[in-house]
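Here is how names work: the chains are called A, B, and so on, in the same order as the sequence lines, proteins then strands, and each is numbered from 1.
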Number of protein chains: 2
Amino acid sequence: MKTKEHKIPEATIKRLSTYVNYLGRLGTDSNPVISSEILGESCQVSPAQIRKDLSYFGEFGVRGVGYDTKKLEAEIKDILGINHNWPTTVVGVGKLGQALLNFDFFRNHGFRIITAFDSDPNKIGTEAANGVTIQSISNIEKCVREEKISIGIITTPVAAAQDVTDKLVDGGIKGILNFAPIKVKVPETVTLRNVSITSELDNLAYLLTQKKR
Amino acid sequence: MKTKEHKIPEATIKRLSTYVNYLGRLGTDSNPVISSEILGESCQVSPAQIRKDLSYFGEFGVRGVGYDTKKLEAEIKDILGINHNWPTTVVGVGKLGQALLNFDFFRNHGFRIITAFDSDPNKIGTEAANGVTIQSISNIEKCVREEKISIGIITTPVAAAQDVTDKLVDGGIKGILNFAPIKVKVPETVTLRNVSITSELDNLAYLLTQKKR
DNA sequence: GTTATGCTGTGATAGTTATCACATTGTTGC
DNA sequence: GCAACAATGTGATAACTATCACAGCATAAC
Ligand SMILES: NC(=O)c1ccc[n+]([C@@H]2O[C@H](COP(=O)([O-])OP(=O)(O)OC[C@H]3O[C@@H](n4cnc5c(N)ncnc54)[C@H](O)[C@@H]3O)[C@@H](O)[C@H]2O)c1
Ligand SMILES: NC(=O)c1ccc[n+]([C@@H]2O[C@H](COP(=O)([O-])OP(=O)(O)OC[C@H]3O[C@@H](n4cnc5c(N)ncnc54)[C@H](O)[C@@H]3O)[C@@H](O)[C@H]2O)c1
């Protein structure tokens, strides 16, 4: 994989994630090769956009033929860094945290949720998902450090989000995916992404409101 | 509200959603007025960006002073169309669907989840959340039409996503928020947004991988 | 071989979005 | 009333992203 010096558009990364997803489903034995046109149809992205996205990272296809489906899938997984399992933890095992913990897809897709934390005494010690026992939030720093956990997923209420963020950071976490609707602060060494389900709905409401006019 | 002719950047809408969120929390009686600088600090957006975002829709502030916190909150809710309750339904009451059904925030924020549908006979007839009973998926088209449901949230497995989409469309749904990792097809009259939690994690993995190099 | 064919890879271009600097205008103090 | 001030609103500019058209290259046909 050649990583060119260019800064890569965030939209490109998002699309690469989509491509991987579809390649995994489209790649059958009877379908060993795929063109940017066919992949684009599934992903609802223009063929040129797909080729441009890939061109940031190197040359993966064969001119006149297309892309080896399995090989391209592997290459994109390399690019995204989901070709190995990131040790991951879920903090806040409420409704949303539970859904994520039970979402098997992550397991086969580059992430391994190995621990879960909560502050509720009634939850501590119970099993959250296959093989993951909920631990006390007071252990989190030590545990993140000892188990070399790379990624923390925050699904606590807003009020607790900054506090658990700080604890994760103190434990040496590398990246955080935050579902609480607040912009938590992290040092520059830690990578942060916020997921806002609410704003997706808001956006839908906006589009519907526009259409009415 | 003056809506200027310009096309509004999608990023602007996403930020407006953030602004509303913070305004709701920042607006206290002791804090009736807020400047773009202070709001920007909370939201981690530059003051100029906030002013530009708002300027697409009109003039909401007072020069030399700032914005009336409560009034600005209401104005943005108007713009986004979350100033009334959109009748909403959740299709597929699994782990994720349940989390959304129990997420009270939506209720006070422009959306009212009034029905839920599933295909699992063991779930049909049980209560999914406060006051919402799970109905059979076979009733969905009729129900969407009769209860004038505007928004459908899809949280079924991939295999069922296109099918339930079609049923929602047939019932006259206006907008769909799709959590299944597949690009479902809808007619132009229906507004669609896809939420990809997986791609957020992939993006985080990518950033972490970059940082290591 | 040579030519025709087809799909990739990419430079050039158009379109979109963010940033900046400052003109504008309401407020406060004297 | 007038000057000094403070924060908004916005045109101009820079940065970024997507689209397009076609050159480049492997393959297939003969
Ligand atoms: N449920 C949704 O559909 C949804 C959607 C979008 C965003 N969110 C956000 O995700 C977060 C979680 O939502 P939820 O519906 O799962 O809430 P929830 O109340 O069901 O779960 C929160 C969990 O966090 C635990 N917790 C509280 N303080 C803690 C602390 N200091 N340390 C560790 N754990 C702590 C609680 O014990 C509870 O188990 C919230 O911030 C919410 O705004 C939820
Ligand atoms: N759980 C997560 O954290 C998560 C994260 C991202 C995306 N997703 C996506 O969200 C969707 C739901 O995930 P989940 O974890 O809640 O799955 P789940 O298996 O817990 O729930 C799926 C539900 O859909 C119902 N269902 C199946 N076919 C149906 C049909 N034809 N009509 C109506 N209902 C039907 C099932 O009975 C079940 O209750 C999946 O597509 C998944 O990929 C889930």
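- Counting heavy atoms from C-beta outward, Arg193(A) and Leu207(B) have side chains that approach closer than 4.5 Å.
- At a threshold of 4.0 Å, the pair Glu75(A)-Lys71(A) does not count as salt-bridged, since none of the basic side-chain nitrogens sits closer than that to a carboxylate oxygen.
- Distances shown here put every side-chain N or O of Ser36(A) at or beyond 4.0 Å from the OP1 or OP2 atom of dC7(C).
- Residues meeting the side chain to side chain contact (heavy atoms under 4.5 Å, CB included) test with Val62(A), sequence neighbours left out: Val65(A).
- Near-neighbour residues of DNA chain C inside residues 9-16 of chain A, defined by a heavy atom below 4.0 Å, are absent.
- Comparing Asp53(A) and Glu37(B) against DNA chain D, the residue whose closest nucleotide sits nearer the 5' end is Glu37(B).
- The separation between Leu54(B) atom CG and dT19(C) atom P is 15 Å, rounded to whole Å.
- If you find the closest nucleotide of DNA chain D to Ala48(B) and to Gln49(A), the one lying nearer the 5' end belongs to Ala48(B).
- Whole-Å rounding puts the Lys7(B) NZ to dT17(D) C1' distance at 12 Å.
- Distance, Lys52(B) NZ to dG11(D) P: 7 Å, rounded to whole Å.
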- Task: Before giving the answer on salt bridge (charged side-chain N to carboxylate O under 4.0 Å, His left out), spell out for Glu141(B) and Arg145(B) the whole-Å C-alpha distance, their side-chain angles and the decisive distance to 0.1 Å.
- Result: CA-CA 6 Å; Glu141(B) 184 186 333; Arg145(B) 191 184 312 284; 3.2 Å; yes
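- By the 6.0 Å contact criterion, NZ on Lys167(A) is enclosed, its count of non-hydrogen atoms from other residues, nucleotides or ligands being greater than 12.
- Put simply, CZ on Arg51(B) is 16 Å from P on dT25(C), counting in whole angstrom units.
- The nearest whole Å value for the distance from the CD atom in Glu59(A) to the P atom in dG11(C) is 11 Å.
- Taking 3.5 Å as the limit, the base of dG9(C) and the side chain of Arg63(A) contain no donor-acceptor pair of atoms between them.
- Between Phe57(B) atom CZ and dT8(D) atom C1' the separation is 17 Å, expressed in whole Å.
- Across the protein-nucleic acid pair, Leu72(B) atom CG and dG9(D) atom C1' stand 14 Å apart, rounded to whole Å.
- By the side chain to side chain contact (heavy atoms under 4.5 Å, CB included) test, Ser46(A) pairs with Ala48(A), Gln49(A), sequence neighbours left out.
- The phosphate of dG9(D) has OP1 or OP2 within less than 4.0 Å of a side-chain N or O from Tyr67(B).
- One N or O on the side chain of Thr155(B) and one on the backbone of Gly92(B) form a donor-acceptor pair closer than 3.5 Å.
- Taking atom CG on Asp68(A) and atom P on dC7(C), their separation rounds to 16 Å, with Å as the unit.
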